[in-house]
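To keep things clear, I will list the structure first and then write my remarks on it.
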Amino acid sequence: MIKIGQIGIGHNHGEGKMLAVRKFPELFEVIGFAEDNEEWIKKRGNLKGYEGLKRYSTDELIKKCDALLIETDVWNLTEIAQKCIDAGKHIHMDKPASGTLLEYKHLLDTAKAKNLVVQLGYMYRYNPAVQKCFELIKNGELGEIVSVNAEMSTCHSCEYRTWLKNFGGGIMYILGSHLVDLIVYMLGKPEKISSFLKQTGLDGVEVEDNNLAVLEYKKALARIFVSSVEVNGWGRRQLFVSGSKGTVNIMPLENPTQITFSSLEIAPNPYEDLKQNVEIKEIPMECRYDDMMQDFYDYIKGAKENPYTYEHEYAVQEVLDKIVGGVRFFKGENCYESNACR
């Protein structure tokens, strides 16, 4: 059994991760949580995920645990993760990474040298349709990849869009990172990146809330579109992958998840919509992180090898850094309670 704790409750995925590990008492002994910011204790300390858990200081919790879930405010993730790695602890670190590229690389290099697990919280890695897409690519059923279209939009509240002002690149940094992760896993780092980070100015909020990035490879093009102002954006969240032998289209990405596949055999006529529905297991939202946390246990115990290497994690952040014009933070200056939304 692994002794585990959570540092920070300010990340939007934090409670979900704690609820997930608490489902598996045969795998994890949950020690407690740490949160230095009293505002987060007021807002989230009474959530179900933390019921009955003891609150520790960060340093106390690190000492008591074998592994930590790093769920702080985004801008503190890498700094706190480094403290855990320096102390010889395995980490699950939520996304996207923070700090400078040099600081993040130091984190990953240190973890690799110490043979410590670093698992990033990119949940689409565990989406069954995405996993099916990766399987088709690996088996050669799509042939040579020539095109990827990835979209992840939402119609966010004015308060959420104000919070996005904490991050250079706005919604591209927060949501686009998920899509960068998938594209880099499929195609590696691009040869050229072009970004179009636009501000709609809706509700008087000046933030990059309507964004496009184009990643150029030797033969392939990958497009990333993320918006905070798209009505029914959830229904258009998409991963479309086209190759020389076939095409996969996942839309919506989750709840409900719908995936279709077409090949040269299925679609001999180029002027018809010919495809097959692919049956996959739907993952309920309350189970979104279950497989991820079970894999975290297996990585630590050596039962599985993490397919997302230290090198992959750094490449994702490198590409994201270039897309947003340099990862940078404004550290909590813009919060949900901002009076900018009127």
Side-chain angles (χ1 to χ4, degrees), residues 7-8 10-11 13 17 58-59 62 65-125 166-170 172-195 197 213 215-217 222 224 292 295-296 299-300 304-332:
I7 302 178
H11 197 286
H13 294 178
K17 303 294 176 55
T58 295
D59 290 341
I62 291 173
C65 294
D66 306 312
L68 284 306
L69 307 173
I70 314 301
E71 298 292 341
T72 65
D73 285 298
V74 175
W75 45 86
N76 294 327
L77 288 169
T78 298
E79 178 185 356
I80 297 300
Q82 186 69 56
K83 290 187 71 170
C84 297
I85 292 297
D86 288 344
K89 312 297 181 175
H90 304 284
I91 62 167
H92 168 89
M93 175 181 170
D94 226 313
K95 46 61 59 188
S98 60
T100 65
L101 285 177
L102 187 62
E103 289 167 338
Y104 186 51
K105 188 174 189 302
H106 177 64
L107 170 72
L108 295 171
D109 287 348
T110 308
K112 185 175 182 179
K114 292 188 173 188
N115 197 30
L116 293 172
V117 172
V118 176
Q119 182 190 53
L120 268 288
Y122 288 111
M123 73 272 183
Y124 285 143
R125 297 175 178 181
N166 285 301
F167 315 103
M172 178 60 83
Y173 175 73
I174 293 296
L175 293 191
S177 58
H178 285 284
L179 308 179
V180 171
D181 178 56
L182 301 181
I183 291 168
V184 170
Y185 189 71
M186 288 186 283
L187 295 173
K189 291 196 294 184
E191 297 179 351
K192 182 180 178 182
I193 294 171
S194 301
S195 300
L197 307 180
L215 280 55
E216 296 183 45
Y217 294 84
I224 297 172
M292 179 184 288
D295 269 3
F296 186 45
Y299 297 158
I300 293 170
K304 283 186 179 180
E305 183 177 348
N306 187 353
Y308 297 92
T309 65
Y310 306 102
E311 291 76 18
H312 168 81
E313 303 294 14
Y314 183 68
V316 169
Q317 196 70 1
E318 271 191 302
V319 173
L320 183 61
D321 182 84
K322 291 178 182 177
I323 288 174
V324 301
V327 171
R328 58 205 185 279
F329 308 94
F330 307 102
K331 303 207 174 184

Tell me whether the NZ or CZ atom of R125 lies within the 45° cone about the ring axis of Y185 and under 6.0 Å from its centre.
no
For Y217 and I183, which heavy atoms make the closest approach, and how far apart are they?
OH-CG2, 3.5 Å
Do the side chain of Q317 and the main chain of K105 share a donor and acceptor less than 3.5 angstrom apart?
no
Please test D86 against Q82 for side chain to side chain donor-acceptor pair (under 3.5 Å), starting from the C-alpha separation and ending with a verdict.
CA-CA 6 Å; D86 288 344; Q82 186 69 56; 2.9 Å; yes
Below 6.0 angstrom between ring centroids: does that apply to Y308 and Y299?
no
Within 6.0 Å of CD in E305, more than 12 heavy atoms from elsewhere
no
Would you check if the side chain of E79 reaches a backbone N or O of N76 as a donor-acceptor pair within less than 3.5 Å?
no
Would you confirm whether D94, through its side chain, and E71, through its main-chain N or O, come within 3.5 Å as a donor-acceptor pair?
no
Using modelled atom types only, decide if a donor and an acceptor are shared between the side chain of Y122 and the backbone of L182 within a distance under 3.5 Å.
no
Is the closest side-chain heavy-atom distance between K83 and D59 below 4.5 Å?
yes
Counting only heavy atoms not in K114, do more than 12 fall under 6.0 Å of its NZ?
yes
Any donor-acceptor pair under 3.5 Å linking the side chain of H11 with the backbone of K95?
yes
Check whether any side-chain heavy atom of W75 lies under 4.5 Å from a side-chain heavy atom of F330, and answer yes or no.
no
Indicate yes or no: does E216 engage K322 in a salt bridge with an N to O separation below 4.0 Å.
no
Atom of V74, atom of S98 and distance for their closest heavy-atom approach
O-CB, 3.1 Å
Note: L116 and K89 closest approach over all heavy atoms is CD1-O, 3.7 Å
Do any N or O atoms from the side chain of T78 and from the backbone of A97 form a donor-acceptor pair under 3.5 angstrom?
no
Would you call V117 and F296 a side-chain contact if the rule is heavy atoms closer than 4.5 Å?
yes
